[in-house]
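Let me begin by presenting the structure, written as structure tokens, before commenting on it.
Letters A, B, ... are given to chains in the order of the sequence lines, protein chains preceding strands, and every chain is numbered from 1. When reading the values below, keep in mind they use all heavy atoms of this one structure, side chains included, and skip hydrogens, waters and symmetry mates.
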There are 2 protein chains.
Amino acid sequence: MPNTPRPPRRVTIPDVARHAGVGQATAARVLGGYGSSSAATRERVLAAAAELGYSTNAVARSMISGRTHTLGVVVADVENAYFARAVRGVTDVAAKAGLQVVLANSDEKGDTEKSAVQMFIERRVDGLVVAPAAADHEHLDKAVAAGIPVVLLDRALSGATLDTVVVDNRGAAEAAVSRFTEAGHTRIAVVTSASPDENATQLAPGADIWTTTERLTGYRRALRAAGIPRGAELIRHTGYDRTWARSAVLELMSSPDRPTALFTTDNVATLGALDALLDLGARIPGDVSVIGFDDAEWATLVRPRLSVVSQPVQELGGLAADILVRRINGSTARPRRHTLRATYVSRESTGPVPERVRPLRFPGETDGPASTDVGGRDGTPADTPRHR
Amino acid sequence: MPNTPRPPRRVTIPDVARHAGVGQATAARVLGGYGSSSAATRERVLAAAAELGYSTNAVARSMISGRTHTLGVVVADVENAYFARAVRGVTDVAAKAGLQVVLANSDEKGDTEKSAVQMFIERRVDGLVVAPAAADHEHLDKAVAAGIPVVLLDRALSGATLDTVVVDNRGAAEAAVSRFTEAGHTRIAVVTSASPDENATQLAPGADIWTTTERLTGYRRALRAAGIPRGAELIRHTGYDRTWARSAVLELMSSPDRPTALFTTDNVATLGALDALLDLGARIPGDVSVIGFDDAEWATLVRPRLSVVSQPVQELGGLAADILVRRINGSTARPRRHTLRATYVSRESTGPVPERVRPLRFPGETDGPASTDVGGRDGTPADTPRHR
DNA sequence: GTGCGGTTTGATAACGTTACCAACGAGCCA
DNA sequence: TGGCTCGTTGGTAACGTTATCAAACCGCAC
């Protein structure tokens, strides 16, 4: 690194002590708020400190105390509303406990996550919240071995004995899809943002994003419970891009026996799916019933308002931070999984099976990875937000 | 703090040195990657380090180097999509420069911001990005005096000689509203999320959120340029809550000479306004033309797609981080304001002045701070996101 | 065998705080 | 007066790294 000038020398405890005419240790006790000191000296020291403009050096303090009063947080992407909320939840609880939060984005890349965790270990954070993207947990175990408690957020990791804070993804998905089956739907499609690992039935957590797998399992269960045969499963895996989900839905809806109900397992998929349905002029729920995962701020903006599975995202983050605070304070309870409830929020996007299949207005092209402009709009967002 | 056990002792350089049979200084040079050392000893030390599981103590390093490789970021609320994006922009550039980001939310409270900045000073962050909520800048000057460069994000602060990264709010707002006037609109309303400081014409930055004031000024200019009299200004200040904006729009639209065009100066206002218009069954742009500020992910989801003023939010954050990196590396350039361009994105929510005033379907109540349920929906989001 | 550049090496002193401990004085009781 | 306790005080040793500097070493020319 060329030319990195050191910051200017700052006022230290010895300076204040000299100026106050007391010993270093005394000044240190007053300024550090520990030990005992007489009211008189306390006043003298404080006055000297104010006069000189002293401010504690937290680095030096951390050096000796071994505590940095810092939490490391690794999420896929703060820009994603889900993680933003979770981070907020962590930050609020952390702040109350006098901890600050260092943020790192993994972009779903295991290597990025690992190097972030490594940095956090070196920085001696007091605790770590991770929404794991990496399939293994060696790096996390290393952190634990180094005395840093780790809490997994949003996703579990098989084989790891770590505190984990998740929602009942499987149950929530099953409950949601059951609404469809109870209303008589049999052609129920699901659109999910994940890599297309088709044999995810195996439920190999860590092999893919855990939540997705769980939600798919819930979907499958609901179908099975309704006596719908395996062959009737309509699953579309799309990448972490809204336009992919859009294409997937356009393709699904162009089928002669198109689905009458649609379940999307994350924000991005929901966004793309709705985009497609609206362009097709599909009536919701007249032509298709829709349930999305996660209660985005726009879920109540679209008409009809979207029925969703709502997660207590902020609480999830808060709980994670809470567990860390407890562990930092010495709790040695056995790590366990905390499963919060995700609730189904009924709005207006679900209804009975349509009596007949109404033709939709298809634009020129109907499928393929690249979406075609439907015309009329000359502005599209420059950046497409990532998954969930 | 009761019962806060210290973390376990970790492997240090002396440990590695002993194990490798070399002097501390030598081991330190190898592990720290500075000074010179023979290939043989380097190998020995590295092997010993690996064997013992040594990892650098960044705190100790910071202690002596005076650098923490950390950036402090204070925004109003990460949960807000705008700030989330900005933070992402900061984080990305910071990461490339080997810096980590510590996050703090001010919730638009000056005191919260100040204590966060104070903590950052004590922690000896290398730089500070602040979206100021406090009207004064004493605390920021203190940071600068302590050798910590500060960059203001999103909002300027009068009288502060600090690097500032903003968009041309006034110009962008004026350009947007001009679309309305050019199309012949004369009854143009603006809904803004800010405290109702009516004489904001004075342009006292810091007295309120700067961006809002600027955008209102742009609105006023556009009206004036079109020869629309002062008295025809239709400004509604609402709190940082979507339902407030909704009520404001319901009230606006219930007027006999209701507006034919609507400009919202932030995300939350846009969300509330659209909610109201949709409930009223208002045709967009048939009955009202709408332009919003900030290109939210749902702007292209609603039909018609929403025309907006789009800010390069991520670049804003990136630029802020970039400036900091430069200053950390010794740049002493005079602090200046960097104004990025916000662009108008034309979609389908704007049109000509309607020929006649079509009656709207009003629900029972039309105004008042508390919004009434329009019925039919049994689920509303538990949390209403905050401003912008 | 001696002298001389250069690299490599290792003691030791920072950095600014807290932890530890011995010393001091006041107050009290025997 | 001696002895004890207790609040207060200040010197000094940590913490784990980097910075400094002198000593040791090497090869090579004289």
| Yes or no on side chain to side chain contact (heavy atoms under 4.5 Å, CB included) for Arg123(A) and Thr70(A), after CA distance, side-chain angles and deciding distance? | CA-CA 9 Å; Arg123(A) 275 160 186 261; Thr70(A) 294; over 6 Å; no
| said: Is the shortest side-chain heavy-atom distance between Leu324(B) and Val90(B) below 4.5 Å? | reply: no
| Between atom CG of Leu140(B) and atom CD1 of Ile148(B), what is the distance when rounded to the nearest 0.5 Å? | 11.0 Å
| said: Check the phosphate of dT8(C) against Ser36(B), side-chain N and O only, distance under 4.0 Å to OP1 or OP2. Yes or no? | reply: yes
| query | Starting at CZ of Arg18(B) and ending at C1' of dG10(C), how long is that distance when rounded to a whole Å? | reply | 14 Å
| field | Nearest-angstrom distance from the residue atom CZ of Arg61(B) to C1' of dA14(C) | value | 17 Å
| note | Gln24(B) atom CD is separated from dC15(D) atom P, nearest whole Å, by 11 Å
| task | Show your reasoning for whether salt bridge (Lys or Arg N to Asp or Glu O under 4.0 Å) applies to Arg88(B) and Asp92(B). | result | CA-CA 6 Å; Arg88(B) 178 74 216 230; Asp92(B) 284 354; 3.0 Å; yes
| query | Out of dG10(D), dG16(C), dT9(C), which nucleotide sits closest to the side chain of Thr26(B)? | reply | dT9(C)
| Leu31(B) CG to dT18(D) C1': how many Å, rounded? | 12 Å
| query | Rounded to the nearest Å, what distance is computed from the CZ atom of residue Arg123(B) to the P atom of nucleotide dT17(C)? | reply | 15 Å
| query | Does the side chain of Asp15(A) come within less than 4.5 Å of Tyr54(A)'s, by heavy atoms? | reply | no
| field | Short side-chain N/O contact from Tyr34(B) to OP1 or OP2 of dT18(D), under 4.0 Å | value | yes
| note | The side chain to side chain donor-acceptor pair (under 3.5 Å) partner of Asp163(A) among Arg336(A), Arg327(A), Arg326(A) is Arg327(A)
| Side chains of Ser37(A) and Arg42(A): is there a donor and an acceptor less than 3.5 Å apart? | yes
| request: With axes from five pairs an end, tell me the bend angle of the helix from dG1(C)-dC30(D) to dA30(C)-dT1(D), nearest 10°. | output: 70°
| Is the base of dG10(C) touched by the side chain of Arg29(B) through a donor-acceptor pair closer than 3.5 angstrom? | yes
| query | Nearest-Å distance, CZ (Arg67(B)) to P (dA19(D))? | reply | 13 Å
| request: Please tell me which of Val22(B) and Ala60(B) maps to the more 5' nucleotide of DNA chain C, matching each residue to the nucleotide holding its nearest heavy atom. | output: Val22(B)
| request: Nearest whole angstrom, please: distance from the C1' of dA14(D) to the CE of Met63(A). | output: 9 Å
| field | Chi angles and distances behind the side chain to side chain contact (heavy atoms under 4.5 Å, CB included) call for Ser38(A), Arg44(A) | value | CA-CA 10 Å; Ser38(A) 71; Arg44(A) 282 244 303 286; over 6 Å; no
| said: Short of 4.0 Å, heavy atom to strand atom, which residues of residues 37-59 of chain A count as contacting DNA chain D? | reply: Ser37(A), Ser38(A), Thr41(A)
| query | Can you check the Ile13(A) CD1 to dG11(D) P distance for me, whole Å? | reply | 14 Å
| If you round to the nearest 0.5 Å, how far is NE2 of His338(B) from CD of Glu315(B)? | 14.0 Å
